[in-house]
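Have a look at the structure below, then the notes.
The sequence lines fix the lettering, A, B, ..., with proteins before strands; numbering per chain opens at 1.
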Amino acid sequence: MSDDHDDSPIAARVRELEAMLEEKGLLDPRELDQVLEAFAHRASPANGFRVAARAWVDPAFRARLLENANEALPELGLSMGGGLQVQRLHVVENTEDVHNVIVCTLCSCYPLSLLGPSPTWYKSTAYRSKVVSHPREVLEQFGLTLPETTRIDVWDANAESRYMVLPRRPEGTEDLSEAELAAKVTRNGLIGTAAV
Amino acid sequence: MSERYRTGDRVRTSTVDPDHHTRLPHYARGRRGTVIGHDGVHPLADLSAQGIQQPQQVYLVRFAARELFGHGDHSVTLSLWEDYLSDE
């Protein structure tokens, strides 16, 4: 079949189901809206910025984050659930030798609770199709030129897991506080389409 | 849940192009890669889209770009259900 897992048929089914549950008095539509609004309110890239900054200042946290991100996130009061289904998170670390970049080639899977709603380009066919086959060129279009010696690892969030990149800590930031470091992190840095 | 593959094992992905929903992208069909880790046990997406819940081991499988596209020096890692994989 097609290479998409297009969600429109399922979205239609969800709407029908929602209407049926409301009709039978099993679901209060305000209740559903409240849950969704609360989730959207908590889902912000500021969460991801805090995670990166903590990992830069606390090597033990960084190690736990890279080993099992779902277990490390609650240390910052965060989770991959947000009241909805808990998703497995992999945090992948940029080093001098390796640069990571994330994509979902089948649709637009994204760590919403840590990064907020995804940017439009992340969902575009152009990004999804090209970053897997020509990542170096795509990153250059984002203004990120990597040394030839830096290997690129692309992570396709094609199934149940979500990914976040841990960028390299910028040079000359030894004296900054954790909060000041968090302010330096960018959403694209956490996707891997920019350095920090 | 028994695990057929271990980290470091070489695997080959299925060449089947099913007429139903699947999470094995076209670009990774019939390709050889290396298991780099386990990614939990999840209902096989191909069946859950048909209303059948069949939990199965998912693997993180890394492919060389050259194997996938015939060019490039990067890698691509995917999460693949056991049904998508066979021994190399």
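- More than 12 heavy-atom neighbours from other residues, nucleotides or ligands sit within 6.0 angstrom of NZ on A:Lys130.
- Under 3.5 Å, the side chains of B:Thr77 and B:Arg62 contain a donor-acceptor pair of N or O atoms.
- For the residue pair B:Tyr59/B:Asp9, the side-chain donor-acceptor check at 3.5 Å is not satisfied.
- Salt bridge A:Arg54/A:Glu75: absent, no basic N to carboxylate O contact under 4.0 Å.
- Atom CZ of A:Phe49 is separated from atom OG of A:Ser44 by 7.0 Å, given to the nearest 0.5 angstrom.
- For the atom pair CD1 (B:Ile52) and CG (B:Leu44), the distance works out to 9.5 Å, reported to the nearest 0.5 Å.
- Heavy-atom neighbours of chain B within the stretch residues 133-156 of chain A, taken at a separation under 4.5 angstrom, comprise A:Ser133, A:His134, A:Pro135, A:Arg136, A:Arg151, A:Ile152, A:Asp153, A:Val154, A:Trp155, A:Asp156.
- Summarising the geometry, atom NE2 belonging to B:His42 is positioned 14.5 Å from atom CD belonging to B:Gln54; distances are rounded to the nearest 0.5 Å.
- Distance check, rounded to the nearest 0.5 Å: OG of A:Ser118 to NZ of A:Lys123 gives 4.0 Å.
- The side chain to side chain donor-acceptor pair (under 3.5 Å) test with B:His38 is passed by exactly one of B:Glu3, B:Gln57, B:Arg6: B:Glu3.
- Both the backbone and the side chain of B:Leu78 come within contact range of chain A, judged by heavy atoms closer than 4.5 Å.
- Heavy atoms from other residues, nucleotides or ligands lying under 6.0 Å from CD of B:Gln53 number more than 12.
- Among B:Val76, B:Val58, B:Leu80, the residue making the largest number of heavy-atom pairs under 4.5 Å with chain A is B:Val76.
- Note on B:Gly40, B:Ala45, B:Ala28, B:Ala49: by heavy-atom pairs under 4.5 Å with chain A, the leading option is B:Gly40.
- Using a 4.5 Å cut-off between non-hydrogen atoms, the part of residues 87-103 of chain A that approaches chain B consists of A:Arg88, A:His90.
- Of all heavy-atom pairs between A:Trp56 and A:Pro170, the closest is CH2-CD, 3.7 Å.
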